[in-house]
Amino acid sequence: MKIHRDTACGELTAADAGREVALGGWVESARDHGGLLFVDLRDRTGVVQVVFDPGKDQELFRTAEGWRSESAVGVRGTVRRRLPGNENPRLRTGEVEVVPSEIETYSVARPLPFDVAHADAVDEALRLRYRYLDLRRSRMLENLRLRHRLFHAIRQFYTAEGFVEVETPFLTKSTPEGSREYLVPNRQEPGTFFALAQSPQIYKQLLMIGGLERYFQIARCFRDEDMRADRQPEFTQLDVEMSFVEEEDVVASTERMLVETVRDAAGIELPHPFPRITHAAAMLKYGSDKPDLRLPLEIVDLSAAFGKTGFEAFARTLAAGGVVRGLRVPGGGALSRRELDGLAEEARRRGAQGMAWLVAEAPGSFRSPIAKFLSEAELEALARETGVEAGDLILLLADQPAVAAAVLGWARLWAGERFHLADGAPWHPCWITDWPMFEWDEEEGRWYATQHPFTMPREEDLPLLEREPARVRAMKYDLVLNGYEIGGGSIRIASSEVQNRVLKAMGVEGVERFGFFIEALQYGTPPHGGIALGLDRIVMLLAGASSIRDIIAFPKAARAADLMTGAPAAVTPAQMRELHLRVT
RNA sequence: GGAGGCGUAGUGUAGUGGUUUAACACACCGGUCUGUCACACCGGAGAUCGCGGGUUCGAUCCCCGUCGCCUCCGCCA
């Protein structure tokens, strides 16, 4: 390397005029006038213009003319103010330019598979295949910087609070419940497998038993489930656990951490204290356990108003233990018939028996296919309960509570999107508390846990564990931000006796797999609890990105494929033999 | 596992109510150009219209299947 850079491109200003500098970077663009060549040189700090004049140095000019976009090059030269009138106010370094005296071509770039400078519109699959080029965009670089700033702030926060970051194993033991795991064949003993950790849950509890008292970890987790825009097969979690604490301690500490680190990393002020909403209230009012509170829409229960309805469809549902609920969409009367019918169709696709719509044309006057089935008193109650005004839309639905919540919850989000209700709205974190310990699974005909089996039931509900599981509440709290679940935690079971009862009540199979853990609980377990936060989702929200892929350096595409390396891929027969594996 | 959307030069798009030379912009190659910064201008090359099958005299277009990507449902204790 002849030219060893000593200055950053993006930081040159008029104050540097006259300085001799050595720069290194990539050719962002070149404008060749034949008798004059402008090259924009970019490094991680920004862009500066380099001017080549064949009248001054024919050889330099010739060489630079051959530079292709995105080639890696070095330039030694003198900074000078641009001639008056030739400044570029849109460039941070636009007052100056560099007159080269020596240049070096580190590496010429082949013609590119896509235009790096304007890659926003490029097919994402192509961006993923050439991720290293995609990362050169300032947008991507800034996302990774933001991610780093947040992680750094988190480590600073917990370090200052006396927490210790401890690494826990990736290669661990398969657990009977929970998400599908990635398995790693064990060469040493045919037929045995490790599982990649789906979370450090058991290990962090063992650390509490081990006396760490305050633990955190920025941990990678692995789950072999289908993907979403906010889900990757491997993702990063902030894992925290504390001893001798109650629910309030974890919630307060986490809230303080998030407010401070988000302020430090992104300059965003989260309104706090975060509101707390019970799980039951969230399901009723927002139809979701991760409500987007930016949307000023609330679902209203109208079961009482329709208690004596003559409308057969509603009456039948109510008699069968169902509910009638409505959602008022201000200004929703502007929707076309086609959109309204589309809504009802999607509602059915999502499991509802149907969804009715009513448009308020004037106070007390509704346009709707079902208006004729409803009595004056019912329409009056409907208007009163929803607070409907002329021009509004009411979506009305009678179904089992879970279906009503899910479908109106979806409709609420749809309306938010359709009418841009969240655009520019302030950040809206909240806690979801008082989760039920169990929910009934209709299909499998059994109770299943709404959280992992180590969550402590409320003391006063313990006697109900075997008799009335539906009424047992969990000491669990979820953290929600703008409609995304960004974290969840709980107070853990610190007694082997209770742990056994809960595992049994959950019908966990293969309880003996947890034997080592049950035993560990018997040697002096402090009361403890903690939380885990999805850092990828948090960074995504802070970055204003719409997918978690945009804030992960090397994310996977659908079907968990790495489009760049081609993983997953077949391995050699020799590798298979060594691992005692055969593909069937 | 299921539903929907997309797939046309390197990139982004257009197009064809079925038959001709598949169009435009950027990028690329060659040329002109001393103040550009989306440089400009002239010229050129570049596409088995994702893949396979079917219907047809003829398919990029219609039908079926398949693959890939994206979004959603299920799933994610």
Side-chain angles (χ1 to χ4, degrees), chain A residues 28-41 47-56 61 68-70 82-91 93-94 97 109-130 133 175-181 198-199 201-202 221-233 235 342 345-346 348-351 406-407 410 413-414 417 435 437-439 441 443 447-455 474 476 485 488 490 502-503 506-509 514 532 534 546-547 549 556-559 561 563:
Chain A
E28 174 137 311
S29 71
R31 294 171 296 281
D32 190 349
H33 290 235
L36 205 58
L37 169 65
F38 301 97
V39 171
D40 288 340
L41 186 66
V47 171
V48 70
Q49 174 169 283
V50 183
V51 197
F52 293 88
D53 184 346
K56 282 186 63 183
F61 184 85
R68 299 275 69 83
S69 283
E70 295 301 320
R82 294 195 187 184
L83 298 172
N86 288 327
E87 299 91 350
N88 183 353
R90 289 190 300 166
L91 212 56
T93 61
E97 59 196 5
R110 296 168 50 182
L112 302 159
F114 60 87
D115 185 353
V116 172
H118 309 97
D120 283 334
V122 172
D123 178 48
E124 195 177 355
L126 194 68
R127 287 173 46 207
L128 289 175
R129 179 169 169 204
Y130 295 96
L133 293 179
T175 50
E177 286 231 335
S179 61
R180 192 181 301 118
E181 297 163 319
Q198 48 173 302
S199 93
Q201 182 63 35
I202 290 182
C221 303
F222 305 87
R223 293 182 189 173
D224 184 8
E225 297 290 350
D226 287 336
M227 302 176 53
R228 289 285 190 285
D230 63 349
R231 268 160 43 184
Q232 284 272 308
F235 61 99
E345 191 186 319
E346 179 65 21
R348 274 190 296 275
R349 204 172 300 150
R350 287 169 185 263
V407 173
W410 163 80
L413 294 178
W414 183 90
E417 184 109 346
W435 288 68
M437 195 81 179
F438 303 94
E439 278 173 14
D441 186 326
E443 276 175 34
W447 295 99
Y448 74 99
T450 59
Q451 70 293 311
H452 59 63
F454 312 110
T455 297
K476 163 179 156 108
E485 179 201 332
S490 64
V502 167
L503 286 172
M506 286 182 178
V508 172
E509 289 170 33
F514 289 121
S546 53
S547 160
R549 293 184 298 275
K556 304 223 172 0
R559 292 171 55 264
L563 299 181

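Naming convention: chains lettered A, B, ... in sequence-line order (proteins, then strands); numbering from 1 in each chain.
- Looking at R559(A), its side chain has no donor and acceptor atom pair within 3.5 Å of the base of C67(B).
- Contact between the side-chain N/O atoms of R549(A) and the OP1/OP2 oxygens of U71(B) is found at a separation under 4.0 Å.
- Within 4.0 Å of R82(A), counting heavy atoms only, lies at least one base atom of the nucleic acid.
- Nucleic acid contact class of E70(A) (heavy atoms, under 4.0 Å, all strands): none.
- At a cut-off of 3.5 angstrom, the base of G74(B) holds at least one donor-acceptor pair with the side chain of D226(A).
- Residue E87(A) is classed as a base contact, given a heavy-atom separation below 4.0 Å to a base.
- In this structure, G68(B) and C6(B) make a Watson-Crick or G-U wobble pair, each of the two defining distances being under 3.5 angstrom.
- When both pairing distances are held under 3.5 Å, A23(B) makes a Watson-Crick or G-U pair with U13(B).
- Pairing partner, C28(B): G44(B), with both Watson-Crick or wobble hydrogen-bond distances short of 3.5 Å.
- Across the P atoms, U16(B) and C62(B) are found 11 Å apart, a figure rounded to whole Å.
- Side chains of E225(A) and S179(A): no donor on one and acceptor on the other come within 3.5 Å.
- Using a 4.0 Å heavy-atom cutoff across all strands shown, L563(A) reaches sugar-phosphate atoms only and no base atom.
- With hydrogens and angles ignored, a donor-acceptor pair closer than 3.5 Å exists between the side chain of R231(A) and the base of C75(B).
- Between H118(A) and E124(A), the residue anchored closer to the 5' end of RNA chain B is H118(A), taking for each the nucleotide with the nearest heavy atom.
- Across all strands, P113(A) comes closer than 4.0 Å only to sugar-phosphate atoms, never to a base (heavy-atom distances).
- Judged by distance alone with a 3.5 Å cut-off, a donor-acceptor contact links the side chain of R228(A) to the base of G74(B).
- Aromatic stacking is not marked for F114(A) over U11(B), as the cut-offs of 5.5 Å for the centres and 30° for the planes do not both hold.
- Checked by distance alone, E346(A) brings no side-chain donor or acceptor within 3.5 Å of a matching partner on the base of G4(B).
- The distance from the CZ atom of F61(A) to the NZ atom of K56(A) is 13.5 Å, given to the nearest 0.5 Å.
- Remark: the separation of the P atoms in U13(B) and G4(B) is 23 Å, to the nearest Å.
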